[in-house]
Number of protein chains: 2
Amino acid sequence: MRPTMKDVASAAGVALKTVSRVVNDEPGVHPTTAERVREAIERLGYSRNESARMLRRGRTATIGLVIEDVADPFYAGLSRAVEGVVIEHGCLLLSGSSGEEPGRERELVETFCARRVDGLIVVPAGDDHTYLRSELEAGTPVVFADRPPGAGLDVDTVLADNVGGARQAVRHLMVHGHRRIAFLGDDPAIFTAAQRLRGYREELGGLFDARLVSMRPPSSGVIGDDLARMFALDDPPTALFTGNGRYTVTTLRALGGRRVALVGFDDFELADLLDPGVSVVAQDPSWMGRVAAEVLFRRLRGDVGPSEHLELPVRLVTRGSGELSPDQAGARG
Amino acid sequence: MRPTMKDVASAAGVALKTVSRVVNDEPGVHPTTAERVREAIERLGYSRNESARMLRRGRTATIGLVIEDVADPFYAGLSRAVEGVVIEHGCLLLSGSSGEEPGRERELVETFCARRVDGLIVVPAGDDHTYLRSELEAGTPVVFADRPPGAGLDVDTVLADNVGGARQAVRHLMVHGHRRIAFLGDDPAIFTAAQRLRGYREELGGLFDARLVSMRPPSSGVIGDDLARMFALDDPPTALFTGNGRYTVTTLRALGGRRVALVGFDDFELADLLDPGVSVVAQDPSWMGRVAAEVLFRRLRGDVGPSEHLELPVRLVTRGSGELSPDQAGARG
DNA sequence: CTGAAAGCGCTAACAC
DNA sequence: GTGTTAGCGCTTTCAG
């Protein structure tokens with residue numbers, strides 16, 4: 001069906017190996033012979049079968065990326081950055097979304113491994129990664145991004161400063177006079193959510209009040225109810241800290257124009273165009289992706305040093321919503 | 001290094017083929033034997049080498065997806081939908097972003113083809129796809145999404161109703177009393193931009209005024225200048241039609257709170273939370289992705305009917321900005 | 001500079 | 001039920 005090297009070889013009247021040399025730009029082929037081979041390649045429309053090459057060489061020039069959901073802007077940005085580095089290194093990217101399901105994460109990782117990806121970048125959904133043990137022993141480098149692996153796995157990790165970022169957000173609100181600061185975030189089973197809760201709690205100290213904390217899976221759709229419950233308290237919150245981009249948006253929608261001080265974790269498009277502009281603790285998903293990919297390729301180049309645990313700083317961006325004072329709260333904007 | 005079927009076979013005291021049978025759930029293996037093989041697989045930590053399998057079977061169970069940029073919400077949504085269908089069919093997705101560069105699009109497509117992807121979904125950046133000819137002849141199905149292929153290529157295509165959507169947007173603004181409607185969009189070399197300009201022009205008829213059209217590459221950063229120029233006219237626009245999500249956002253930012261009627265092509269997160277809410281002609285990127293993937297798998301299943309050319313309807317979503325009357329324009333919001 | 005032979009790990013086709 | 005053989009298309013090794 002498709003022409004193979006053998007076909008090209010007989011078309012050009014040379015041996016298989018000579019074609020291989022030409023295709024791979026190996027030295028030691030007479031220019032005239034090379035030209036004849038190239039002409040045959042062109043004429044037959046030959047293109048090297050990478051599957052065969054991979055099998056023989058034992059390298060696939062493929063990196064596997066498991067994220068939570070490409071449609072989420074954070075992971076989309078991360079993916080794009082990973083892709084950039086991967087392409088720069090002459091590799092291709094196999095990617096998949098776990099949808100926050102540990103089973104799917106594992107399935108994806110195992111499928112990628114069966115394809116013998118040269119390396120793996122994983123944003124884990126689960127917290128048991130013992131299934132990766134044999135792959136690591138086989139020498140495949142793995143980098144965890146955004147969230148660390150489950151206990152007992154010593155691999156490179158690139159995280160954001162979740163605790164510090166949360167503390168920064170809460171401190172900012174406190175500086176602006178708030179004492180009743182609510183936290184709305186994801187299920188604490190998720191690492192980043194738990195870390196941000198921790199930072200929130202640490203910074204709040206004695207002001208912490210469990211009634212001002214709502215952590216629900218994003219699908220539950222009850223953030224509005226939780227908010228209503230909090231606002232009905234004798235001492236309602238005057239400020240909100242939302243645990244990630246999705247919650248910030250959901251919360252803004254649930255507020256329906258009600259003016260409350262708010263700082264969100266994660267930056268998002270149009271945060272500056274809302275009224276007031278939404279103050280956020282911004283992560284840089286591209287940076288995280290790039291760093292994770294670079295660590296991976298360093299390993300691929302043979303770096304066998306101890307595992308790296310990077311924590312990327314985050315940045316408070318003030319746009320108005322986080323600078324409202326407690327007495328400005330409550331009014332309908 | 002890694003255990004192979006041969007290793008498993010000798011560990012279990014059976015022949016290679018028996019291991020293959022067990023691994024592939026082929027019938028005709030005695031339960032006891034199968035159990036022994038499974039035990040050996042478990043003990044050695046064996047996992048089938050898919051590269052070898054691909055080479056032998058001639059199918060890679062891989063689909064290639066070329067888009068413009070994963071970090072763009074439209075393409076992120078499309079990717080996610082494609083991924084869903086691909087996984088459902090037991091395949092994996094190789095994806096890459098062309099960054100709107102025809103050269104990169106071609107490179108990606110050719111690399112994917114060298115890996116012998118079973119099928120290809122392409123959002124083209126260029127308009128010459130003759131390089132795909134040989135691949136199509138080799139039997140690889142290709143589906144174009146969002147934009148059609150260059151001349152002379154008869155393949156399945158899934159597009160949105162760009163002309164109709166643009167007409168709908170302009171008509172809506174006209175119904176609300178506007179006669180001076182500007183169009184801000186992408187370089188007309190891009191299919192969707194050209195189609196939307198066409199719809200805009202058709203619907204506007206005699207009211208068309210070239211001075212109210214600005215089509216620039218998104219990188220140029222001069223949308224604000226163009227807008228200023230238009231507003232400085234004797235008969236400035238009272239309404240804007242923006243050609244895609246990115247332009248809508250850039251335009252809103254450039255307007256800096258100035259109240260002008262506006263309808264944008266493409267829906268976007270938070271469009272409802274801005275003041276006024278942004279009216280849009282909404283496409284459904286997930287739908288487009290799903291449909292494209294389904295058409296592809298139908299081909300893969302052997303459908304050899306004439307090429308399909310699907311046009312997905314779009315939907316006008318009114319949120320306020322598109323319902324402002326001409327005399328409400330000009331004020332600072 | 002060029003070529004022949006072996007074999008990567010698997011599956012297909014056919015024995016037994 | 002099970003095993004043997006050939007070979008997918010390429011790279012590696014070694015021989016000329």
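In what follows, chains are A, B, ... by sequence order, proteins preceding strands, each numbered from 1. As the structure is a computational prediction, the values presented were derived from the model and not from experiment. We use all heavy atoms of the structure for the numbers below, so side chains are in, but hydrogens, waters and symmetry mates are not.
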Problem - Per R56(B) side chain, nearest of listed nucleotides dA6(D), dT2(C), dT11(D) - result: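 Nearest to the side chain of R56(B) among the choices is dA6(D).
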
Practice task
For the residue pair H89(A) and F297(A), categorise the inter-ring angle as parallel (less than 30°), tilted (30 to 60°) or perpendicular (more than 60°).
Solution key: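 Parallel.
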
Ignoring backbone atoms, establish whether [X] has a side-chain N or O less than 4.0 Å from OP1 or OP2 of [N].
X	N	value
N49(A)	dC8(D)	no
S20(B)	dT11(C)	yes
T33(B)	dT2(D)	yes
R57(A)	dT11(D)	no
R48(A)	dT11(D)	yes

Exercise for the section: Given salt bridge (Lys or Arg N to Asp or Glu O under 4.0 Å), test R290(A) with E88(A) step by step and report yes or no. Expected result: CA-CA 11 Å; R290(A) 202 171 343 108; E88(A) 256 172 44; over 6 Å; no

From [atom1] of [X] over to [atom2] of [N], roughly how many Å is that when rounded to an integer?
X	N	atom1	atom2	answer
E35(B)	dT2(D)	CD	P	13 Å
E26(B)	dA13(C)	CD	P	11 Å
M1(B)	dG7(C)	CE	P	21 Å
K6(B)	dT4(D)	NZ	C1'	14 Å
D7(B)	dC8(C)	CG	C1'	13 Å
M5(A)	dG9(D)	CE	P	12 Å
L55(A)	dT12(D)	CG	P	12 Å
R116(A)	dC8(C)	CZ	P	14 Å

Handout entry: Check: L312(B) and D284(B) side chains under 4.5 Å, non-hydrogen atoms
Key =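 They are not in contact (no side-chain heavy atoms under 4.5 Å apart), so the answer is no.
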
Practice task
Taking the side chain as every heavy atom from C-beta outward, state whether P285(A) and M288(A) have any atom pair closer than 4.5 Å.
Solution key: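 Answer no - side chains too far apart.
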
Exercise for the section: Quick one: closest heavy-atom pair of S51(B) and T60(A), and the distance? Expected result: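 Closest pair (atom of S51(B), atom of T60(A), distance): OG-CG2, 4.0 Å.
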
Problem - Intermediate values then yes/no, salt bridge (Lys or Arg N to Asp or Glu O under 4.0 Å), R147(B) and E100(B) - result: CA-CA 12 Å; R147(B) 309 168 182 177; E100(B) 209 68 272; 2.7 Å; yes

Handout entry: Ion pair R116(B)/E135(B), N-O distance below 4.0 Å
Key =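 No, no charged N to carboxylate O under 4.0 Å.
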
Practice task
Salt-bridge test for E39(A) and R36(A): reply yes if a basic N is under 4.0 Å from a carboxylate O, no otherwise.
Solution key: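 Salt bridge absent between E39(A) and R36(A).
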
Nucleotide N/O to protein N/O under 3.5 Å, stretch nucleotides 14-16 of chain D:
none

Exercise for the section: Report which part of the nucleic acid S51(A) touches: base, sugar-phosphate, or nothing (heavy-atom distance under 4.0 Å, all strands). Expected result: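 Touches nothing.
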
Handout entry: 5' precedence on DNA chain D between V29(B) and A52(B) (nearest-nucleotide basis)
Key =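 The 5'-side residue here is V29(B).
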
Exercise for the section: List in numerical order all residues of residues 9-19 of chain B for which some heavy atom is under 4.0 Å away from an atom belonging to DNA chain D. Expected result: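 Correct list: V14(B), A15(B), K17(B), T18(B).
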
Practice task
Might you confirm whether atom CG of D127(A) has over 12 heavy atoms from other residues, nucleotides or ligands at distances under 6.0 Å?
Solution key: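 No, the 6.0 Å shell around CG holds no more than 12 heavy atoms from other groups.
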
Handout entry: Chi angles and distances behind the salt bridge (Lys or Arg N to Asp or Glu O under 4.0 Å) call for E110(B), R106(B)
Key = CA-CA 6 Å; E110(B) 288 181 338; R106(B) 179 172 178 164; 3.0 Å; yes

